[in-house]
Amino acid sequence: MAPRIQLEKAAWRWVETVKPEEIEQEHIELAYRVNLPACKRGTCRRNCRGNPNCLVGIGEQAWLGEIDENAFHNIDDPNSERRDKNTFVGLTNLGATCYVNTFLQVWFHNLELRRSLYQCHNSRAQEHNIASDYEPQSICEHLQYLFALLQNSNRKYIDPSGLVKALGLDTGQQQDAQEFSKLFLSLLEDTLSKQKNPNVQNVIQRQFCGQFSYVTVCNQCERSSALPSRFYELELNIQGHKNLTECVTEFLKEEKLDGENRYFCESCQSKQNATRRIKLHSLPPTLNLQLMRFVFDRQTGHKKKLNTFISFPEQLEMGPFLEGKQDQKCVYELSAVLIHRGISAYSGHYIAHVKDARTGDWYKFNDEEIEKMEGKKLQLGIEEDIAETVKSQTRKPKCSKGYHCSRNAYMLVYKVQEEKSSDPSRNIVDVPAFLQRLVDQDNHKFEEWCSEMADMRKQSVDKGKAKHEEVKELYELLPAKDGDPYEFIPLDWLKKWLDDSTATKEIDNSLFLCCHKLKLKLNNVL
């Protein structure tokens with residue numbers, strides 16, 4: 001193809017000798033290069049603007065090349081929303097609710113809690129008319145329905161907005177995850193206590209509640225006083241520590257009460273120096289250990305995150321920390337690790353690694369996305385790569401076999417080690433019939449939606465293919481052969497017609513006529 005400037009000069013050379021009133025068809029064809037030979041198909045990478053017979057600018061390669069059905073629609077494959085076989089269901093992040101999603105997944109995998117929730121009396125769900133949508137009202141109803149969907153939904157992920165709204169949470173603001181855990185369990189305990197079924201009433205205490213006491217000893221008279229207390233999680237300071245054992249040891253260590261912090265002794269009837277410590281008396285089947293990563297910084301007046309590496313075992317022996325009761329089971333197995341990615345206490349992302357109690361497989365729950373870990377092993381991996389630069393960057397210490405090391409784990413969940421049972425039904429939790437009916441109703445809606453999307457997608461593809469054949473036939477006729485009649489068409493109009501012939505308007509060439517009624521502006525016409 002000759003350079004554009006040369007073509008321009010050759011096309012308009014006749015104007016030097018031809019008067020306007022003497023202009024004929026041949027001059028117009030020279031000016032607009034109508035008779036230039038067409039570019040060979042497949043050789044031009046971009047439109048030859050000096051040649052109206054070059055079709056690259058109007059999509060020659062797209063229309064005459066291989067057919068890509070995805071170009072005919074903007075509808076995602078509905079099956080991409082379908083739950084994968086032999087995996088779990090994710091939860092939608094509603095903005096800043098990833099911290100809620102992680103706890104919901106951890107609690108869902110507590111089989112005893114799930115089983116008890118399914119036993120909650122729910123007359124509204126049992127009497128629900130299948131012709132209308134079910135709308136839970138109480139916290140218990142929301143959680144019950146949510147767990148049933150997590151268990152048997154056909155969807156890849158479900159929307160927890162009903163429960164989040166019922167809890168009164170701001171979806172756009174990230175809350176204190178550790179505080180949320182405590183408040184939610186307290187709220188759930190209060191809600192379940194109103195149930196008539198005793199197995200349901202105290203399931204929170206049975207699963208998560210342990211006993212300890214604050215023991216204070218007067219240095220003067222050696223009188224000992226104990227203040228018993230219940231706990232649902234142990235809050236462990238991690239500052240200055242390297243492993244979980246050190247954290248638990250500090251939690252239980254003796255504290256001196258002296259100076260302004262002296263203790264009022266009932267026997268001495270005066271303030272005395274004393275020592276105080278915590279004694280663990282009983283541990284729950286599910287032991288929640290909060291690693292206090294988010295602490296108050298007195299210098300700034302704000303919370304900050306401690307990016308300290310802490311190592312923790314897959315198997316935790318709590319016997320040495322327990323007072324008496326040697327008959328109690330004290331060996332625990334790691335069942336969940338909750339992770340906060342990011343260096344700030346006010347932002348970042350929460351995910352959970354949870355062990356499937358039935359198979360022993362580990363899964364990573366990241367809102368809508370769920371990933372199964374290979375080899376039944378916990379793999380924290382990228383969760384330890386903080387995106388932002390940490391000022392005090394430290395190397396990850398080496399971990400012994402059976403241990404893991406993390407600077408982002410903020411909660412560890414351990415389950416008491418059970419003797420292997422020959423009864424397989426022990427790890428099976430069935431969805432009650434009244435809840436399964438609601439799940440089936442939602443699955444039916446999902447399948448209908450998939451069918452509608454597939455039909456819309458097929459219609460768009462069929463329409464696109466028909467259009468493709470129509471345009472392909474047109475391309476075969478281009479450019480016009482010598483002597484064949486032809487018309488000038490605005491390039492913008494032609495592009496719109498190629499894109500969607502039903503949306504184009506009438507051809508208007510008036511903009512391309514000069515005062516002599518000759519067609520101008522070659523660059524805008526074909």
Going by side-chain contact (heavy atoms from CB on, under 4.5 Å), name the residues that satisfy it together with [X], two or more places apart in sequence or in a different chain.
| X | result |
| --- | --- |
| Pro228 | none |
| Glu448 | His444 |
| Gln436 | Asn152, Val431, Val439, Asp440 |

Test: [X] and [Y] ion pair at under 4.0 Å:
| X | Y | value |
| --- | --- | --- |
| Glu254 | Arg277 | no |
| Asp356 | Lys372 | no |
| Glu235 | Lys182 | yes |

I'd like to know whether the aromatic ring centres of [X] and [Y] sit less than 6.0 Å apart in this structure.
| X | Y | answer |
| --- | --- | --- |
| His109 | Phe88 | yes |
| Tyr410 | Tyr350 | yes |
| Phe180 | Tyr99 | yes |

Q) Asn93: what forms a side chain to side chain donor-acceptor pair (under 3.5 Å) with it, not counting sequence neighbours? A)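 Applying side chain to side chain donor-acceptor pair (under 3.5 Å) to Asn93 gives Thr97, Asp367.
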Would you tell me whether [X] and [Y] have side-chain atoms, one donor and one acceptor, within less than 3.5 Å of each other?
| X | Y | value |
| --- | --- | --- |
| Thr275 | Lys256 | no |
| Tyr363 | Gln105 | no |
| Gln195 | His121 | no |
| Asn199 | Gln119 | no |

(Q) Are there over 12 heavy-atom neighbours, none belonging to Glu317, within less than 6.0 Å of that residue's CD? (A)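 Yes, CD of Glu317 has more than 12 neighbouring heavy atoms, counting only those of other groups under 6.0 Å.
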Q | ring pair (Phe, Tyr, Trp, His ring centres under 6.0 Å) contacts touching residues 148-171 (sequence neighbours left out) | A |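 Matches after skipping sequence neighbours: none remain.
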Is it the case that the side chain of [X] and the backbone of [Y] share a donor-acceptor pair, with hydrogens and angles ignored and the cut-off at 3.5 Å?
| X | Y | value |
| --- | --- | --- |
| Ser181 | Gln178 | no |
| Glu141 | Gln137 | yes |
| Arg437 | Pro432 | no |

Q) Which of parallel (below 30°), tilted (30 to 60°) and perpendicular (above 60°) describes Phe147 and Phe108? A)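 Phe147 and Phe108: perpendicular rings.
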Q: Please work out which of the three classes, parallel, tilted or perpendicular, describes the rings of His340 and Phe294, given edges at 30° and 60°.
A: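 Correct class here is perpendicular.
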Q) Could you state the interatomic distance from CZ (Arg206) to OG (Ser116), rounded to the nearest 0.5 Å? A)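 Those atoms lie 5.0 Å apart.
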Quick one: side chains of residues 213-222, donor-acceptor pairs under 3.5 Å with protein atoms, not counting sequence neighbours, listed by atom name and distance.
| unit_1 | atom_1 | unit_2 | atom_2 | d |
| --- | --- | --- | --- | --- |
| Ser213 | OG | His281 | NE2 | 2.6 |
| Thr216 | OG1 | Arg276 | NE | 3.0 |

